[in-house]
Student: 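The structure that follows is given in the form of structure tokens.
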Amino acid sequence: MFEALDLDDPQRAAATHGDGPLLIVAGAGTGKTTTLAARVANLLGRGVRPERLLLLTFTRRAAREMLLRAETMSGHPEAGRVWGGTFHGVGNRLLRLHGRALGLSPDFTVLDQGDAADVLGLLRDELGLATGDRRFPRKETLASIYSRTVNAATPLDEVVARHYPWCTDDVGDIRALVTAYTERKRRQHLLDFDDLLLFWRALATSPETGPAVAGMFEHVLVDEYQDTNALQADILDGLRPPGTPRNLTVVGDDAQAIYGFRAATVRNILDFPARFPGTTIITLEHNHRSSQPLLDTSNAVIARSPQRHPKTLWTERTTGTRPVLRACLDEIGQADAVCRAVLAHRELGVPLMRQAVLFRAAHHSDVLEVELARRNIPFVKYGGLRFLEATHVKDALALLRVLENPRDEVAWFRVLQLPAGVGPATARRLMQTIGVYDENADPVVTFIDSQVEVPAGSVAQVNQLRSALSGCADEGLMTPAAQLERIRAYLGPVLERRYDAPAARLADLDQLVLLAQGYEARGRFLAELTLDPPASASDLAGPPSLDEDWLVLSTIHSAKGLEFDVVHVIHASDGNIPSDMALRDDDEVEEERRLLYVALTRARHALHVTYPQRFHHTIRRERFSTALVSRFLDHDDVRATFDVAGPDVDVREDGGPAVAGVVSVDELLAGLFGAPGAS
DNA sequence: CACGCTTATATTTTT
DNA sequence: TATAAGCGTG
């Protein structure tokens, strides 16, 4: 079955490898997705039951795509029954099945990073840490400190000293806070992202449950291994029963490690052969993606990385256009240059969907997005979408969460403050009254049935909340979507009271109802939404138009593993790549270099790298600074691989307004040919 | 005690 | 930009 598949020799060796640990060191564009999918297909072909296979990927989307390909390759219709997903997603499923042995209730609530920060914020108040004369770290910072400590498996003092030095004096308080946080999560059946990994490891390593869990899987395959952390490595270690062959396959590229901020460590790849004796190592160096001129640039950039596992990528596609490095006057000039290049490639036959604009931080595309909208160039943006972080979306989900887990304190705290006139103090008192903290109480029923004491002006609104909850709780047969419809009806007036323009927010709630369609169980919907939130506006609303073409905008992180015919990297200036925020030590700077490398290696045929020579600070509006090209590109040998272009002086001169005549002609033409309603 | 106002402040990347 | 903390008012 593999003969038809067009694998090169090392790929085939990896796909058909028998039992025992296998490390595939796969350079960018060397077809690791194909190889991994082929290996899954091969295992299925050898008679391994799909449900005895575990495929761990970085995103759920990656798992889906890989299993789809495996299904096509193998002609095996059951690849869908393979256990596939992220570490967190699989941990969630396993813990709902087997968590009872660890004292977990199977209907625990999963907290995302924001929820975790909210819990920490509540405790921060309760412990009186915010009221001192000293500033205490913000709840978001506290959540990062906690998460980093857990994932890096490093003592708190060290993490704080190294990554949060300004919090050194607060370590004692942070420690007390974390103790309270852990205790509260346990009492309220809450698991944060890190708990999913911690409990999974506990499940896998416990003498009681370990053998059963380890026995579930005959083969385990892990993608993007360079971006896993110490905790995840421990989990893999515990995932095979002692004395059986370690049928563990990991794929990764140390040159593409970009999740150090999440405590990922390249040690996992480097130490793999030592940790799993008898490891077979296969290196993929044959690049099937990029033309040689683009590889020359990528190779030159990564060659300066000091801690590199040396690899020489090569390709048969020795011809092709050279990449372009373009300095622009300012962000407007950059947006203009990108639009022109995008349209020029489209004229040459590259659809917008095969082109991507990549950037370091989500807000780097703001100016470009305005320009694209102005020119009627459709696009979807990946990364940086904060749909689930919007207050009104959190409110709706909090109502659902209260119904699912009546002990969920943060959800109650949010829900009870929805009626006007009820603030933090009243909410806290109500939570005591209805028994949120009482293991044997049913707070939802108590709240609905008993007359609780609230401020006189709030009675009517509290009754509306009561009736909304009872409307959802009454019927056990109501689907999550139907419950959300009821919640939306309740929240309508609340949003109208609170916001000037409630329409857009109500539309978000409609999206939420749509996302819930097809789910039978409320708990499952909540957990999956948390673990796999919509990654782009198109995930929510569907593509801009079904028969239309659209440009991809993405953070570099979210573009990991993807490829495009044409890639435009923007804001390639020092301060953005590398980010000013990531200059604390050499390790951080090197991670930024690899980030640029990841961006460059997404391109198949053409690559445009641009940077504005002057850009405005979004914070202090009046100020702008002069930017230099990224330090990773500012070397003669790197520049030599580019065609270098200067600013587009015909667009703007020294920051003045665009030439009036050009604009009015464009507007005239847009009026004649543009879509109805477009200016 | 809630809420609307002001001022200071810190900003990346994501499961 | 958006959140947190502080202050005055009802």
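Quick caveat: nothing in here was measured; it's all calculated off a predicted structure.
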Student: Under the salt bridge (charged side-chain N to carboxylate O under 4.0 Å, His left out) rule, what do A:Asp227 and A:Lys560 come out as? Steps first, then yes or no, please.
Tutor: CA-CA 11 Å; A:Asp227 286 323; A:Lys560 187 166 87 152; 2.6 Å; yes
Student: Among all residues two or more places apart in sequence or in another chain, which pass the ring pair (Phe, Tyr, Trp, His ring centres under 6.0 Å) test with A:Tyr597?
Tutor: none
Student: So that I can tick it off, tell me whether A:Asp115 and A:Arg401 are bridged by a salt bridge, with the cut-off set at under 4.0 angstrom between side-chain N and carboxylate O.
Tutor: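 Counted as a salt bridge, because a side-chain N and a carboxylate O are separated by less than 4.0 Å.
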Student: Reckon A:Thr555 has a side-chain N or O less than 4.0 Å from the OP1 or OP2 of B:dT12?
Tutor: no
Student: Whole Å only: how far is the CZ atom of A:Arg594 from the C1' atom of B:dT12?
Tutor: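 In whole Å, B:dT12 C1' lies 16 Å from A:Arg594 CZ.
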Student: Which whole-number value in Å describes the distance from A:Phe193 CZ to B:dT14 C1'?
Tutor: 9 Å
Student: Identify, with sequence neighbours excluded, every residue that meets ring pair (Phe, Tyr, Trp, His ring centres under 6.0 Å) alongside A:Tyr225.
Tutor: A:Phe272
Student: Base, sugar-phosphate alone, or nothing: which one does A:Thr426 contact when heavy atoms must sit under 4.0 Å apart?
Tutor: sugar-phosphate
Student: From CG of A:Asp115 over to P of B:dT15, roughly how many Å is that when rounded to an integer?
Tutor: 15 Å
Student: Checking all strands, does A:Phe58 fall into the base, sugar-phosphate, or nothing category for heavy-atom contacts under 4.0 angstrom?
Tutor: sugar-phosphate
Student: I need the CG-C1' distance between A:Leu416 and B:dA2, as an integer number of Å.
Tutor: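 About 15 Å, once rounded to whole Å.
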Student: A:Ala425 or A:Met581: which one's nearest nucleotide on DNA chain B is closer to the 5' end?
Tutor: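 Of the two residues, A:Ala425 wins.
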Student: Rounded to the nearest angstrom, tell me the gap between atom NE2 in A:His571 and atom C1' in B:dT12.
Tutor: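 Spelled out: NE2 on A:His571 to C1' on B:dT12 is 14 Å.
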Student: Identify whether any heavy atom of A:Pro424 sits under 4.0 Å from a base atom; if not, whether one sits that close to sugar-phosphate; answer base, sugar-phosphate or nothing.
Tutor: sugar-phosphate
Student: My understanding is that only residues two or more places apart in sequence, or in another chain, count here; which of them pass salt bridge (charged side-chain N to carboxylate O under 4.0 Å, His left out) with A:Glu371?
Tutor: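 Expected list: A:Arg374, A:Arg375.
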Student: DNA chain B: A:Thr86 or A:Gln417, which has the more 5' nearest nucleotide?
Tutor: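 This one resolves to A:Gln417.
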Student: For nucleotides 3-5 of chain C, print each protein N/O atom paired with a nucleotide N/O atom at under 3.5 Å, atom names and distance only.
Tutor:
residue : atom : partner  : partner atom : Å
C:dA5   : OP1  : A:Arg124 : NH1          : 2.7
C:dA5   : OP1  : A:Arg124 : NH2          : 3.0

Student: Rounded off to whole Å, could you give me the CZ-to-C1' distance for the A:Arg497 and B:dG4 pair?
Tutor: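 Going from A:Arg497 (CZ) to B:dG4 (C1'), I get 14 Å.
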Student: Please identify each residue that fulfils side chain to side chain donor-acceptor pair (under 3.5 Å) with A:Glu563, with sequence neighbours left out.
Tutor: A:Arg289, A:Arg604
Student: Nearest whole angstrom, please: distance from the P of B:dT15 to the CD of A:Gln113.
Tutor: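 My rounded result for the distance is 11 Å.
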Student: Is the shortest side-chain N/O distance from A:Ser558 to OP1 or OP2 of B:dT14 below 4.0 Å?
Tutor: yes
Student: Could you list the residues that satisfy ring pair (Phe, Tyr, Trp, His ring centres under 6.0 Å) with A:His364, not counting sequence neighbours?
Tutor: A:His571
Student: Could you state the CD-C1' distance from A:Glu591 to B:dT14, rounded to the nearest angstrom?
Tutor: 12 Å
